[in-house]
Amino acid sequence: MVARIVEVEAYLGENDPAAHAAAGNTARTSVLFGPPGHAYVYFIYGNHYCLNVSCEREGKAGSVLFRALEPLLGIEEMARARDLALQPLPDLRKLTSGPGRLAEAFGITRIRDNGCDLTSPASGLWIGDDGFRPGKLEMTPRIGIRKAADRPLRYTIAGNPFLSGKKTLARD
DNA sequence: GTATCGATTAGC
DNA sequence: CTAATCGATACA
């Protein structure tokens, strides 16, 4: 399966009240304090996994949350993982437009993928560069948080149809 | 040990 | 708008 990253949010580490790292280096957040480029997977609301990549050098927390993807390859497999019918025509946005959704589409769990090296193609899950360069980017406040909700740390590809949120889903 | 809540989603 | 649902965290 392959998908393009179209929406992310930055979490700044121990000084960011909205970041899990604000609670310090615990069993849950240890990956955030490890070397960069590794997967931080957490379980939320008793229902969903979400995927981050650690960004700062070892010892310093800081991460990027993947909030939405544009499916490119393996759409059938993603639909199966999301338990959505592929016929007659699936709404592709339902596959990966949201942090919990994209994790489910890729079968990401904390047990399997937490700590995974996202910089290595040898990993089952990794980030690559296919040469695509987005056009205009937009910065908006982060979604779904209660603390530090005003900081514009959400980055999206302007106008991309696969962005998360009911607003984008309701369009067309 | 118990109480509370959350970087969400689906359904009414 | 609310329910679902459970691990991490705060507190006694």
Side-chain angles (χ1 to χ4, degrees), chain A residues 3 5-34 36-56 60-71 75 77-86 89-116 118 125 127 137-157 160-172:
Chain A
I5 303 163
V6 299
E7 174 181 348
V8 297
E9 284 176 5
Y11 287 85
L12 303 182
E14 292 181 277
N15 296 325
D16 181 356
H20 291 172
N25 189 341
T26 66
R28 179 199 196 192
T29 61
S30 61
V31 173
L32 293 174
F33 292 83
H38 288 250
Y40 167 57
V41 180
Y42 66 91
F43 189 58
I44 192 68
Y45 295 122
N47 288 314
H48 306 284
Y49 290 98
C50 298
L51 173 66
N52 291 240
V53 55
S54 61
C55 295
E56 299 283 355
K60 192 178 177 189
S63 62
V64 167
L65 167 71
F66 292 65
R67 282 199 59 89
L69 306 177
E70 175 178 343
I75 289 172
E77 197 179 343
M78 295 182 203
R80 210 179 313 130
R82 294 268 298 118
D83 202 24
L84 295 173
L86 198 58
L89 199 64
D91 186 341
L92 293 186
R93 290 171 298 189
K94 287 184 179 174
L95 255 37
T96 53
S97 61
R101 287 171 172 175
L102 69 89
E104 189 178 349
F106 274 74
I108 292 170
T109 64
R110 180 169 169 85
I111 303 296
R112 262 200 26 201
D113 300 295
N114 193 50
C116 171
L118 296 177
L125 181 68
I127 305 167
L137 298 180
E138 282 180 351
M139 293 175 58
T140 64
R142 293 177 291 189
I143 292 183
I145 56 173
R146 300 199 183 181
K147 304 164 191 166
D150 52 330
R151 299 196 196 179
L153 294 175
R154 173 174 177 253
Y155 298 80
T156 59
I157 297 178
N160 186 285
F162 294 92
L163 303 181
S164 70
K166 288 185 176 176
K167 192 177 171 187
T168 50
L169 268 181
R171 271 186 359 191
D172 274 22

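Just so it is clear: chains get the letters A, B, ... in the order the sequence lines come, proteins before strands, and each one is counted from 1.
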Hey, is CG on Asp83(A) packed in by over 12 heavy atoms from elsewhere, all under 6.0 Å?
no

Quick one: is Arg151(A) getting a side-chain N or O under 4.0 Å of the dA7(B) phosphate, OP1 or OP2?
no

Using a 4.0 Å cut-off on protein heavy atoms (strictly under), produce a 5'-to-3' string for nucleotides 5-12 of chain C with B for base contact, S for backbone-only sugar-phosphate contact, and - for none.
BB-SS---

Which one, dA10(B), dT8(B), dA7(B), comes nearest to the side chain of Arg82(A)?
dA10(B)

Remember a base hit wins even if backbone is also touched, and classify Arg154(A) as base, sugar-phosphate or nothing at under 4.0 Å, heavy atoms.
nothing

Does Tyr11(A) form a side-chain contact (heavy atoms from CB on, under 4.5 Å) with Val64(A)? I'd like the steps, not just the answer.
CA-CA 6 Å; Tyr11(A) 287 85; Val64(A) 167; over 6 Å; no

Any side-chain heavy atom of Ile5(A) sitting closer than 4.5 Å to one from Leu69(A)?
yes

Figure out the CG/C1' separation between Leu51(A) and dA7(B), and round it to whole Å.
12 Å

Rounded to the Å, how far apart are Leu65(A) CG and dG6(B) P?
16 Å

Pick base, sugar-phosphate or nothing for Arg142(A), based on heavy-atom distances below 4.0 Å to the nucleic acid.
nothing

Using Watson-Crick or G-U wobble pairs with both distances under 3.5 Å, give me DNA chain C in dot-bracket, 5' to 3', with [ ] for crossers and | for pairs to another strand.
||||.||||||.

Rounded distance (Å) that lies between atom P of dT8(B) and atom CZ of Arg101(A)
12 Å

Below 4.0 Å: OP1/OP2 of dG6(B) and any side-chain N or O of Arg146(A)
yes

Any idea which of dA10(B), dT9(B), dA7(B) is nearest the Pro99(A) side chain?
dT9(B)

Interatomic distance, NE2@His48(A) vs CD1@Ile108(A), rounded to 0.5 Å, equals 14.0 Å

Would you mind reading off the distance between Asp91(A) atom CG and dT9(B) atom P, rounded to a whole angstrom?
14 Å

